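Report on the following structure.
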Protein chains: 2
Amino acid sequence: MVKKKDQSTEERILASAKKIFVEKGMAGARMQDIADDAGINKALLHYYFRSKEKLFEVIFKEAAARLFPTIVNILNADLPLFDKLRRFTNDYLEIVIENPYLPLFVLNEINKQPHAFSKKVFGNNRPPIHKLAEQIEKEIRKKTIRPISPAHLVMNMMSMCVFPFLGKPMIQLSMNIDDAQFRNLMEERKTMIADFIIASIKK
Amino acid sequence: MVKKKDQSTEERILASAKKIFVEKGMAGARMQDIADDAGINKALLHYYFRSKEKLFEVIFKEAAARLFPTIVNILNADLPLFDKLRRFTNDYLEIVIENPYLPLFVLNEINKQPHAFSKKVFGNNRPPIHKLAEQIEKEIRKKTIRPISPAHLVMNMMSMCVFPFLGKPMIQLSMNIDDAQFRNLMEERKTMIADFIIASIKK
DNA sequence: ATATACTTTAACCAAATGGTTAACAAAAGT
DNA sequence: ACTTTTGTTAACCATTTGGTTAAAGTATAT
């Protein structure tokens, strides 16, 4: 990697570590690869971050911190249901479009370290989907939307937002599109997903 | 692992390899772990399957073979659009419910070896989503469904089918449900997803 | 200038890991 | 009966890998 003068050594390490970890996962990543990519000696990695595990944790937490808090805020926001749906899909896609490889990275490592990391990410407070769920139930009672299980509705929304990024390579392969076209599609989804959901549930 | 007499050594190796590979991924899996799990000597692994890579390839291909061909068949089937949607979501979920860890495994490894494996899986013939896409366009022209980008519609359907299995641990955490309850939810989705889609697009 | 703390490196180390070898046991041909 | 093939093992090997050390360079403060 090109040595960027204006970046401190620590910043360069973090950038390279993120790149390698995201690319190969915790188990597949090699400390030497990270050192090489950062243009430094391997021992320096251990000088700045004591172990592979510690370095990984920093990267993982940063990745998770970029993915989750926004969700929580929107879910907790005081907005009418449809506005909340639009806002969630739009904001969430905005984040993920800029970090297309984060979802698979995070999901994958959570799967491999379910107990260890899941609590490290959001401590004891789980993502407050129940608030959105209650809101949905309320609208159903008011008969502004048709009856639908809140759990499934939330899952559908999350699915449509996140999945395309998890399956990006496969999607690109099967649709035969390049990165720019893929990004374009994802931009469209910012509004498309909410439209799709609302069309399905609105009475 | 308990030695199952009625299983041949090769079968036991494959079962253990699948378990370990799916759990830890190619990079994280250890040959010794597989040997231990199968209750045999490590050298036997190399006797039956020459290398870790070869063994992995067998497992990966088997996993991919369980996930993809059914998709292709349904997509190619000669059915009215709505029937096809219902059939796809139902059949696909049936497969994945029985193999909940396959999607993440396959997706993850494809991401790490995009070129090598993607072609090994479906050779040169990509999944024929264009046939379904044409079918959707036809219905739009007939005005039986509202205008929607076929690409997005297909992506939505795939997303809602697959994502819950990719995010299983996170979903279970945030909804506080056990395996049985999760499975129940997924059973519901067999019909729910198609209902949801059709409600959104039907005119 | 000099002592002090911070950075960086090359060389080294022990453990882990994928893979091999040689010998032995069990089946299967003949 | 005996030879060949197949299945299985313990011991071993080379390489990789995360991690350490000791020394040297560099800035900073006094």
Side-chain angles (χ1 to χ4, degrees), chain A residues 1-62 105 108-109 112-113 116-117 120, chain B residues 1-62 105 108-109 112-113 116-117 120:
Chain A
M1 190 183 203
V2 187
K3 239 187 187 178
K4 286 163 196 164
K5 256 201 200 159
D6 39 21
Q7 254 183 330
S8 75
T9 304
E10 190 172 346
E11 281 169 332
R12 258 186 306 144
I13 292 177
L14 284 173
S16 297
K18 180 180 171 180
K19 179 178 151 193
I20 303 290
F21 275 134
V22 165
E23 204 171 292
K24 314 213 175 175
M26 160 69 165
R30 296 294 102 125
M31 292 298 264
Q32 189 61 61
D33 295 345
I34 297 172
D36 290 351
D37 190 275
I40 56 159
N41 190 286
K42 187 171 56 115
L44 251 197
L45 290 184
H46 290 90
Y47 174 76
Y48 278 93
F49 306 88
R50 260 181 45 204
S51 66
K52 185 185 182 184
E53 227 175 315
K54 290 245 198 282
L55 177 55
F56 177 79
E57 206 173 308
V58 172
I59 300 298
F60 181 82
K61 277 189 175 165
E62 198 209 290
F105 171 66
N108 200 35
E109 300 298 338
K112 259 151 213 160
Q113 311 254 358
F117 281 118
K120 274 181 188 167
Chain B
M1 190 183 206
V2 187
K3 239 187 187 177
K4 287 164 195 163
K5 257 197 195 162
D6 38 23
Q7 253 183 330
S8 76
T9 303
E10 190 173 347
E11 280 169 332
R12 259 187 305 144
I13 292 177
L14 285 173
S16 297
K18 179 179 170 180
K19 179 178 150 192
I20 302 290
F21 275 134
V22 165
E23 205 171 293
K24 316 215 174 174
M26 161 68 165
R30 297 295 102 125
M31 293 297 265
Q32 189 62 61
D33 294 346
I34 297 173
D36 289 351
D37 190 274
I40 55 159
N41 190 288
K42 188 172 57 120
L44 250 198
L45 290 183
H46 290 89
Y47 175 76
Y48 279 93
F49 307 87
R50 260 181 46 204
S51 66
K52 187 185 180 183
E53 226 174 319
K54 290 244 197 282
L55 177 54
F56 177 80
E57 206 172 310
V58 172
I59 300 298
F60 181 82
K61 277 189 175 163
E62 197 209 290
F105 171 65
N108 201 33
E109 300 298 336
K112 259 151 212 160
Q113 311 253 358
F117 281 118
K120 272 181 189 166

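Quick caveat, the model's predicted, so the values are computed rather than measured. All heavy atoms count here, side chains included; hydrogens, waters and symmetry mates do not. Naming: A, B, ... by sequence-line order, numbering from 1 per chain.
- The side chain to side chain donor-acceptor pair (under 3.5 Å) test applied to B:Glu62 returns B:Arg66, not counting sequence neighbours.
- Under the side chain to side chain contact (heavy atoms under 4.5 Å, CB included) criterion, A:Glu23 pairs with A:Lys19, not counting sequence neighbours.
- Between the CD atom of B:Glu11 and the C1' atom of D:dG7 there is a distance of 15 Å, rounded to whole Å.
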How does protein reach along nucleotides 10-21 of chain C, written 5' to 3' as B (base within reach of a heavy atom under 4.0 Å), S (only sugar-phosphate), or - (no contact)?
B------SBBBB
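- Here the P atom of nucleotide D:dG18 and the NZ atom of A:Lys54 are 16 Å apart, to the nearest Å.
- Between the CG atom of B:Leu45 and the P atom of D:dT8 there is a distance of 12 Å, given to the nearest Å.
- Listed by chain and residue number, A:Lys112, B:Asn108 satisfy the side chain to side chain donor-acceptor pair (under 3.5 Å) test with A:Asn108 (two or more places apart in sequence, or in another chain).
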For residues 42-49 of chain B, dump all side-chain donor-acceptor pairs below 3.5 Å to protein atoms at least two apart in sequence or in another chain.
none

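- Atom pair A:Leu44:CG and D:dG19:P shows a separation of 15 Å (rounding to whole Å applied).
- Put simply, A:Thr9 has no side-chain N or O that comes within less than 4.0 Å of OP1 or OP2 on C:dT7.
- In this structure, the CD1 atom of A:Ile13 is 15 Å from the C1' atom of D:dG18, given to the nearest Å.
- Between B:Tyr47 and D:dG7, a side-chain N or O to OP1/OP2 separation shorter than 4.0 Å is present.
- You'll find the ring centres of A:Phe21 and A:Phe105 outside the 6.0 Å limit.
- For A:Glu10, there are no side chain to side chain donor-acceptor pair (under 3.5 Å) partners, not counting sequence neighbours.
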